[in-house]
Protein chains: 2
Amino acid sequence: MDLDSKDREIIGILAKDARISIKALAAKIDLSRSATSERLSKLERSGVIRGYRADIASQDPALISAFLLIRLERTPMHSLLDTLAAFPAVKRVSSVSGELDLIVEVEAQTMEALNTVRDRIAVSGGVCDLTTSIILRDEIQRA
Amino acid sequence: MDLDSKDREIIGILAKDARISIKALAAKIDLSRSATSERLSKLERSGVIRGYRADIASQDPALISAFLLIRLERTPMHSLLDTLAAFPAVKRVSSVSGELDLIVEVEAQTMEALNTVRDRIAVSGGVCDLTTSIILRDEIQRA
DNA sequence: TTCGCTTCCGACCAAAGGACGGTTGCACCG
DNA sequence: CGGTGCAACCGTCCTTTGGTCGGAAGCGAA
């Protein structure tokens with residue numbers, strides 16, 4: 001699916017305010033409601049717009065985050081991915097090239113909870129080496 | 001602002017589908033439309049819900065991302081942060097504890113662009129050691 | 001030119017939403 | 001104990017919004 005400028009306008013507006021009405025959206029991009037509605041549902045059907053998410057303020061600013069830098073005994077390691085996915089604390093897992101094999105981002109309420117996750121992962125089969133880097137501060141964060 | 005279980009239900013539902021109608025939302029949490037609407041606007045006013053965003057599929061699957069794992073000669077290193085912030089390719093910078101000092105996430109159109117960023121950062125004053133981990137795949141990604 | 005396709009518009013009618021009055025439950029206090 | 005204020009809820013009224021349709025316009029291919 002290729003997007004024209006109107007489609008990109010729609011995406012840009014919805015990226016900032018996903019609950020805007022079709023009418024207001026139509027006015028912004030200077031099209032009729034029906035045409036806008038049709039374009040929108042096409043963008044949804046084609047998968048360009050994957051969904052709409054509420055942006056929730058972190059209820060607990062005391063959350064502790066860390067990167068776990070993992071070397072595996074061999075790759076790929078599907079069972080470990082299942083293990084990781086089972087932890088709600090695991091926010092992101094990326095396969096990477098180089099010395100490391102996986103970079104895992106975790107987030108927990110307490111240092112204790114973080115350690116528990118870390119230990120459970122460390123003793124999982126296939127993990128050769130695991131380094132924990134606690135995030136002290138997010139210096140830069142962009143969309 | 002403290003949230004009860006209904007509020008958390010609302011948040012959970014909207015986090016997955018921010019364009020759901022108030023009526024459908026009300027039905028899901030078993031409250032009237034008006035009560036649901038009132039709770040929702042309170043959540044918005046109080047800042048618990050910061051906004052609503054369309055989840056846009058990456059139009060360019062050819063984007064290359066990497067983590068740069070950085071050790072500094074000394075910390076903190078404010079000038080380096082300014083340098084990093086100047087690159088649009090730099091998506092996130094976290095100060096971490098342990099062996100490493102900074103974990104930088106970068107995203108570029110081409111491997112060449114990525115390398116340029118990497119090199120520019122590597123020769124910046126204060127960088128003691130820099131390891132690049134190209135992201136091969138994002139295995140898990142959560143809100 | 002004529003066909004087929006896409007995109008647009010306006011109109012219709014059903015669905016959704018804002019606003020309001022009234023009820024209930026509960027904490028507070030004289 | 002009874003009264004008062006408050007917060008949350010409900011259902012209803014009426015406006016706004018949205019999905020859908022038929023028809024028009026633009027455009028490329030046959």
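What you are looking at is a predicted structure, and each value in this text was computed from that prediction instead of being measured. Order of the sequence lines fixes the chain letters, A, B, ..., with proteins taken first and strands second; residue numbering starts at 1 for each chain.
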For residues 93-101 of chain A, run the donor-acceptor check on the side chains, cut-off 3.5 Å, and write out each pair with its distance to 0.1 Å, sequence neighbours left out.
residue	atom	partner	partner atom	Å
A/S94	OG	B/D138	OD1	2.6
A/S95	OG	B/E139	OE2	2.3
A/D101	OD2	A/L72	N	2.7

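Applying the salt bridge (Lys or Arg N to Asp or Glu O under 4.0 Å) rule to B/E105 yields the partners A/R92; only residues at least two apart in sequence or on another chain are considered. Residues meeting the side chain to side chain contact (heavy atoms under 4.5 Å, CB included) test with B/R118, sequence neighbours left out: B/L68, B/N115, B/L130, B/T132. In this view, A/E9 and A/K6, A/I29 satisfy the side chain to side chain contact (heavy atoms under 4.5 Å, CB included) rule, not counting sequence neighbours. Every salt bridge (Lys or Arg N to Asp or Glu O under 4.0 Å) that A/E38 has, sequence neighbours left out, goes to A/R45. For the side chain to side chain contact (heavy atoms under 4.5 Å, CB included) test, no residue two or more places apart in sequence or in another chain qualifies with A/A27. Residues that satisfy the salt bridge (Lys or Arg N to Asp or Glu O under 4.0 Å) test with A/R39, not counting sequence neighbours, are A/D4, A/D7.
Using a 4.0 Å cutoff to heavy atoms of chain A, the contacted part of DNA chain D runs 5' to 3' from D/dT17 to D/dT20.
Between B/E107 and B/I64, every side-chain heavy-atom pair lies at or beyond the 4.5 Å cut-off. B/D119 places none of its side-chain heavy atoms less than 4.5 Å from the side chain of B/V123. Two residues are said to be in side-chain contact when any heavy atoms from C-beta on lie closer than 4.5 Å; A/I134 and A/L114 meet this criterion.
Other members of the cluster containing A/L136 do not exist, because no ILVMFWY side chain is joined to it at under 4.5 Å.
Contacts between residues 44-51 of chain B and DNA chain D, defined by a heavy-atom separation below 4.0 Å, involve no residue at all.
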Contacts under 3.5 Å, N or O only, protein and nucleotides 14-17 of chain C:
residue	atom	partner	partner atom	Å
C/dA16	OP2	B/K23	NZ	3.0
C/dG17	OP1	B/I22	N	3.1
C/dG17	OP2	B/I22	N	2.8
C/dG17	OP2	B/K23	N	3.1
C/dG17	N7	B/R33	NH1	2.6

Between N or O atoms, less than 3.5 Å apart, protein on one side and nucleotides 6-8 of chain C on the other: list the pairs.
residue	atom	partner	partner atom	Å
C/dT7	OP2	A/K42	NZ	2.7
C/dC8	OP1	A/R39	NE	3.1
C/dC8	OP1	A/R39	NH2	2.7
C/dC8	OP2	A/R39	NE	3.2

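A/R53 places a side-chain N or O within 3.5 Å of a backbone atom of B/K16 that can act as its donor or acceptor partner.
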